Protein chains: 2
Amino acid sequence: MLDRVLLSGAPSPELRPVRVASAVDEVADRLLTAIAVGDFLPGERLPAERELIRLLGVSRPTVREAIARLQGVGVVEIRRGRNGGAYVRDSWTESSAAAVRHTLLPRWEEFEQLFDLRGLVEGMVAATAARRRHPRDLEPMREALAAYLSARTPRDAQTADSAFHQAVCAATGNPQIVMLSRDLLARISLGFPVEPWGKGERTHFHQGGEDHKALYESIAAGEPERAEEIAQRHFMISAEMIRDVLARVRAAGES
Amino acid sequence: MLDRVLLSGAPSPELRPVRVASAVDEVADRLLTAIAVGDFLPGERLPAERELIRLLGVSRPTVREAIARLQGVGVVEIRRGRNGGAYVRDSWTESSAAAVRHTLLPRWEEFEQLFDLRGLVEGMVAATAARRRHPRDLEPMREALAAYLSARTPRDAQTADSAFHQAVCAATGNPQIVMLSRDLLARISLGFPVEPWGKGERTHFHQGGEDHKALYESIAAGEPERAEEIAQRHFMISAEMIRDVLARVRAAGES
DNA sequence: GGTAAAAGGTCAGGCCACAAGACCTTTTAG
DNA sequence: CTAAAAGGTCTTGTGGCCTGACCTTTTACC
């Protein structure tokens with residue numbers, strides 16, 4: 001009802017102007033999402049152009065322009081010759097701080113809402129996983145947890161962290177939930193690497209380990225309320241860290 | 001991890017083939033969604049072509065082809081002359097039963113997952129609304145509830161129902177939640193009208209009234225657990241009805 | 001150390017969906 | 001009866017994308 005007044009007389013929110021996503025837009029978005037979600041970690045190489053053509057089903061110029069955009073924002077670095085390709089840059093937040101300021105800060109309110117939503121959804125996911133958990137679902141969680149606790153490098157920790165949360169989602173037995181969780185992660189991470197934890201945040205890192213352990217136990221024990229509470233708090237802290245990073249970026253931009 | 005094996009060697013789910021949505025696809029999808037969500041009820045007329053051009057920012061041939069598709073599936077009926085336009089057909093499920101069978105049945109598993117997800121999400125929404133409710137948020141809910149209880153025609157009930165659930169979402173204070181809820185509704189309703197309740201389902205209708213009343217009261221009283229339980233059950237029942245309708249369609253198709 | 005393979009870099013030609021705009025036809029309110 | 005408001009039709013122009021061939025750079029491997 002309110003929409004009808006707010007949106008310039010449009011009888012439905014669906015009738016807002018259409019933004020025909022071009023193929024280049026789509027590919028650039030996909031690649032950026034894949035990087036943000038952690039499918040390609042800093043230092044790793046994206047598939048070769050001709051491989052991406054095959055995977056994505058688009059032409060080479062399209063892929064090239066998409067990659068050129070990522071390069072333009074400082075997300076990847078192009079190397080030529082054999083073993084060349086688009087390499088994800090280390091800690092690309094710093095190099096693209098300017099881009100972050102221009103892209104993210106104006107939409108900050110939206111990000112706060114997304115943080116909130118993600119906390120709620122992941123809480124719900126954890127509770128549901130605790131209710132429906134099946135013995136065979138616990139196995140991957142145990143594995144990921146072990147990998148996380150024994151991780152030496154931030155990269156390993158990140159991979160294990162991702163695997164763990166994915167395992168929790170999978171334990172709900174609903175693929176749509178996995179997709180929703182992944183989508184939220186992508187929308188939140190579009191501006192910065194998955195876990196923007198520099199060297200100083202190792203402490204949180206370990207606290208995160210406690211969180212993961214407690215979350216696993218509450219799910220394994222079938223305690224929905226506890227699982228929900230832990231997950232929600234966990235993702236709140238995660239959001240808090242990103243806020244800190246952003247605050248630093250903002251400060252750096254104003255100085 | 002598993003994805004890397006399952007998806008034909010793709011290193012990331014984001015690298016599946018791109019489907020560049022054409023402008024026509026997008027517009028047709030928007031219109032169908034708007035109808036499915038109940039922004040345009042049976043018997044009502046869509047905005048005129050030239051109006052849609054203005055709203056959607058696309059060219060006339062594009063709008064025309066999109067509308068032609070809706071006509072092709074039997075969703076709208078075109079009338080010419082003054083006061084002409086695309087009118088939403090009454091009970092278009094029946095007229096397009098064949099389309100339903102070909103479109104929906106193959107994806108039935110996905111729909112079951114969406115029903116499940118919707119129940120969980122709406123439960124979470126209700127609980128959150130109960131926790132965060134603000135006096136000014138309760139007003140629209142009361143209004144919609146009153147409208148629902150005093151509705152004479154199914155159409156009025158439908159409008160009020162939609163307004164009520166939207167008000168609950170709004171009470172969470174998070175616009176992203178409103179969008180998520182709307183998106184889920186759209187994805188579920190894409191095949192059939194919002195509330196596929198024929199004359200025989202009036203009983204459920206009334207029970208729905210009880211649900212709405214109880215939901216409002218638990219939110220107003222600030223009882224998250226009760227609100228969550230009511231909402232979840234409410235949407236489970238809703239899903240059950242759609243299952244019934246589909247079962248009937250399937251039976252009609254096999255006979 | 002040479003060479004071929006594997007990557008990125010460049011370019012030209014052709015196609016198709018879409019945008020813009022003018023104009024025709026049908027219906028109906030007034 | 002007439003003009004307005006709708007859908008129906010057509011033409012023309014353009015931009016984005018695909019195809020495909022070829023060039024350049026680097027490096028693994030013989």
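Computed from a prediction, not measured in an experiment: that's the story for all the values here. Proteins come first, then strands; the chains are lettered A, B, ... in the order of their sequence lines, and each starts at number 1.
Taking E110(A) as the reference, R107(A), L114(A), Q176(B) meet the side-chain contact (heavy atoms from CB on, under 4.5 Å) condition, with sequence neighbours excluded. Every salt bridge (charged side-chain N to carboxylate O under 4.0 Å, His left out) that E112(A) has, sequence neighbours left out, goes to R243(A). With sequence neighbours left out, A86(B) forms a side-chain contact (heavy atoms from CB on, under 4.5 Å) with L46(B), I67(B), V76(B), I78(B). Under the side chain to side chain donor-acceptor pair (under 3.5 Å) criterion, D116(A) pairs with R132(B), N174(B), not counting sequence neighbours. Applying the side chain to side chain donor-acceptor pair (under 3.5 Å) test to E49(B) and every residue at least two apart in sequence or in another chain returns R60(B), R64(B). When the side chain to side chain donor-acceptor pair (under 3.5 Å) test is applied to S162(A), no partner is found at least two apart in sequence or on another chain. With sequence neighbours excluded, the residues satisfying side chain to side chain donor-acceptor pair (under 3.5 Å) with D156(A) are T153(A). F164(A) is linked by a ring pair (Phe, Tyr, Trp, His ring centres under 6.0 Å) to H212(A), counting only residues two or more places apart in sequence or in another chain.
For DNA chain C, the outermost nucleotides in 5' to 3' order that have an atom under 4.0 Å from a heavy atom of chain B are dC18(C) to dA29(C).
Put simply, R64(B) has a side-chain N or O that comes within less than 4.0 Å of OP1 or OP2 on dG8(D).
Between E65(B) atom CD and dT9(D) atom C1' the separation is 14 Å, expressed in whole Å.
Across the helix from dG1(C)-dC30(D) to dG30(C)-dC1(D), the helix axis at one end is tilted relative to the axis at the other end by 20° (nearest 10 degrees, each axis from five pairs).
Residue order along DNA chain D, read from the 5' end via each residue's closest nucleotide, puts I67(B) first among I67(B) and V24(A). With DNA chain C read from its 5' end, the first of the two nearest nucleotides for N83(B) and P47(A) is the one closest to P47(A).
Pairs passing the side chain to side chain donor-acceptor pair (under 3.5 Å) check and including a residue from residues 19-28 of chain A, sequence neighbours excluded, read S22(A)-D25(A), D25(A)-R69(A), E26(A)-R30(A).
A side chain to side chain contact (heavy atoms under 4.5 Å, CB included) with V27(B) is found for exactly one of L70(B), L56(B), L32(B), namely L56(B).
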Grab the N/O contacts between the protein and nucleotides 18-22 of chain D below 3.5 Å, and write none if there aren't any.
unit_1	atom_1	unit_2	atom_2	d
dC18(D)	OP2	S59(A)	N	3.1
dC18(D)	OP2	S59(A)	OG	2.5
dC18(D)	OP2	T62(A)	OG1	2.4

